[in-house]
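This is a predicted model, so every value here is computed, not measured.
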Amino acid sequence: MDAKEAESNEGATHEGADAVTYEQLAYDSFVRRRQGSVGTTLPERVGRFEFEPADRKLIQQADSFFLSTVTGAGWPYVQHRGGPKGFVHVLDDRTIGWLEFMGNNQYVSTGNIDRDGRVALFFINYPLRTRLKVFGYARVIELCDDPKIAKQLRNLGDKEIRSKSERAMIVDIVASDKNCTKHIKPRWDKEQVDERIALYRADIDELRNEISELKERNNLLNEKLDSLG
């Protein structure tokens, strides 16, 4: 690596990451000035980052998220990542990982991470109107170099990911934040819609059975009345 590459890769180091908070990463003096202009006072969290149980669950149940990297020109670059529900693994209290599936062969995010590992991830649970913002340091792992992580990331518990993949992304999380649910429109995927339709159908079947039983009882009562008449 030459001097220029070493300089550009400087942002990818983990040095001092434990001491950095979400507020220090997201709120510089300009952001704080804007917050202050409308009377917003947001305290800074302290202590070592660890996922909260609800945040861990949100990530583990996600079937998509957005990944932002830093280009060589210093611009943010955002891409969508998707897969079967559970394809993003929470490896421990501060680390997540997923398989990189075959795409358009541009390798922009991958190349950006090779130079500068800083990333931001955005997870959204539309039915619950919940979103999670995550800062971290990403690294690319070739699956042929680490069969163990390949096997772990393919495992979904009751099934296995068989889509073609040559590499994985591992992210060491520095900070995260979950806040405002405003303006998130609830949306449901086909599986969630089918579950709700199945419940409605079950209720309809139960009502039909009750109606059928009531009709039968009514017919019996009418027969008795006719016999008495």
Side-chain angles (χ1 to χ4, degrees), residues 1-2 4-17 20 22 24-26 49 51 55-56 58-92 94-126 130-156 161-178 184 189:
M1 181 183 294
D2 59 28
K4 187 174 182 180
E5 284 182 328
E7 182 180 355
S8 66
N9 197 44
E10 193 174 312
T13 64
H14 291 54
E15 187 176 345
V20 179
Y22 178 89
Q24 289 171 336
L25 292 173
F49 169 81
F51 276 123
D55 297 343
R56 175 190 287 262
L58 189 154
I59 292 172
Q60 290 172 324
Q61 293 182 341
D63 59 8
S64 68
F65 67 94
F66 295 94
L67 170 69
S68 178
T69 57
V70 184
T71 71
W75 287 78
Y77 181 80
V78 181
Q79 273 197 332
H80 173 266
R81 287 292 187 270
K85 188 174 292 186
F87 82 106
V88 183
H89 291 250
V90 179
L91 302 174
D92 59 40
R94 304 182 67 193
T95 312
I96 64 174
W98 64 89
L99 293 174
E100 284 281 287
F101 303 124
M102 303 302 292
N104 55 18
N105 294 325
Q106 290 185 352
Y107 297 103
V108 179
S109 295
T110 310
N112 288 341
I113 289 171
D114 286 339
R115 185 197 65 260
D116 187 334
R118 291 176 298 169
V119 295
L121 299 89
F122 197 78
F123 293 87
I124 308 176
N125 184 315
Y126 288 100
T130 305
R131 61 189 182 187
L132 180 68
K133 297 168 287 185
V134 177
F135 285 121
Y137 292 100
R139 61 188 186 277
V140 180
I141 294 180
E142 301 298 326
L143 299 183
C144 59
D145 296 332
D146 195 339
K148 183 178 179 181
I149 194 66
K151 182 178 181 181
Q152 183 176 2
L153 295 179
R154 288 192 183 280
N155 181 24
L156 296 180
I161 296 176
R162 297 190 179 277
S163 301
K164 188 175 181 180
S165 178
E166 295 177 351
R167 58 192 55 84
M169 290 277 189
I170 304 297
V171 180
D172 299 318
I173 307 302
V174 177
S176 71
D177 184 56
K178 182 171 61 181
I184 299 178
D189 60 28

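When every heavy atom of A138 is checked against every heavy atom of I113, the shortest pair comes out as O-CG2, 3.4 Å. Of all heavy-atom pairs spanning A62 and F87, the tightest one is O-CD2, 3.9 Å. The shortest non-hydrogen separation linking L25 to A175 is CD1-CB, 4.3 Å. The heavy-atom pair separating V90 from F51 by the smallest distance is CG1-CD1, 4.1 Å.
In this structure, R81 CZ and L99 CG are separated by 11.5 Å, a value rounded to the nearest 0.5 Å. Interatomic distance, K85 NZ to L156 CG, rounded to the nearest 0.5 Å: 12.0 Å. Expressed to the nearest 0.5 Å, how far CD1 of I59 lies from CD of Q61 amounts to 11.0 Å. In this structure, Y77 OH and L67 CG are separated by 10.0 Å, a value rounded to the nearest 0.5 Å. I124 CD1 to T130 OG1: the interatomic distance, rounded to the nearest 0.5 Å, is 10.5 Å. Put simply, CD1 on I141 and CD1 on I170 are 4.5 Å apart, with the number rounded to the nearest 0.5 Å.
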Practice item. Could you please spell out the steps behind the side-chain contact (heavy atoms from CB on, under 4.5 Å) verdict for I96 and L121? Key: CA-CA 11 Å; I96 64 174; L121 299 89; 4.0 Å; yes

Practice item. For the pair K178 and L132, evaluate side-chain contact (heavy atoms from CB on, under 4.5 Å) and give the outcome as yes or no after the intermediate values. Key: CA-CA 5 Å; K178 182 171 61 181; L132 180 68; 3.9 Å; yes

**Study point:** Working for side-chain contact (heavy atoms from CB on, under 4.5 Å), residues T69 and T110
**Key:** CA-CA 9 Å; T69 57; T110 310; over 6 Å; no

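Judged by distance alone, with hydrogens and angles left aside, the side-chain atoms of D116 form no donor-acceptor pair with the main-chain N or O of N112 at under 3.5 Å. Between the side chain of S165 and the backbone N or O of E100, at least one donor-acceptor pair lies under 3.5 Å. A side-chain donor-acceptor contact under 3.5 Å links R115 to the backbone of T71. Without hydrogens or angle criteria, H89 side chain to G97 main chain gives no donor-acceptor distance under 3.5 Å. Proximity of a side-chain donor or acceptor of R118 to a complementary backbone N or O of F135 within less than 3.5 Å is not detected. A side-chain donor-acceptor contact under 3.5 Å links R154 to the backbone of I161.
At least one side-chain heavy atom of L91 sits less than 4.5 Å from a side-chain heavy atom of I149. Side-chain contact between V174 and F49: absent, with no pair of heavy atoms (C-beta onward) separated by less than 4.5 Å.
A search for ring pair (Phe, Tyr, Trp, His ring centres under 6.0 Å) contacts involving F123 returns F65, not counting sequence neighbours.
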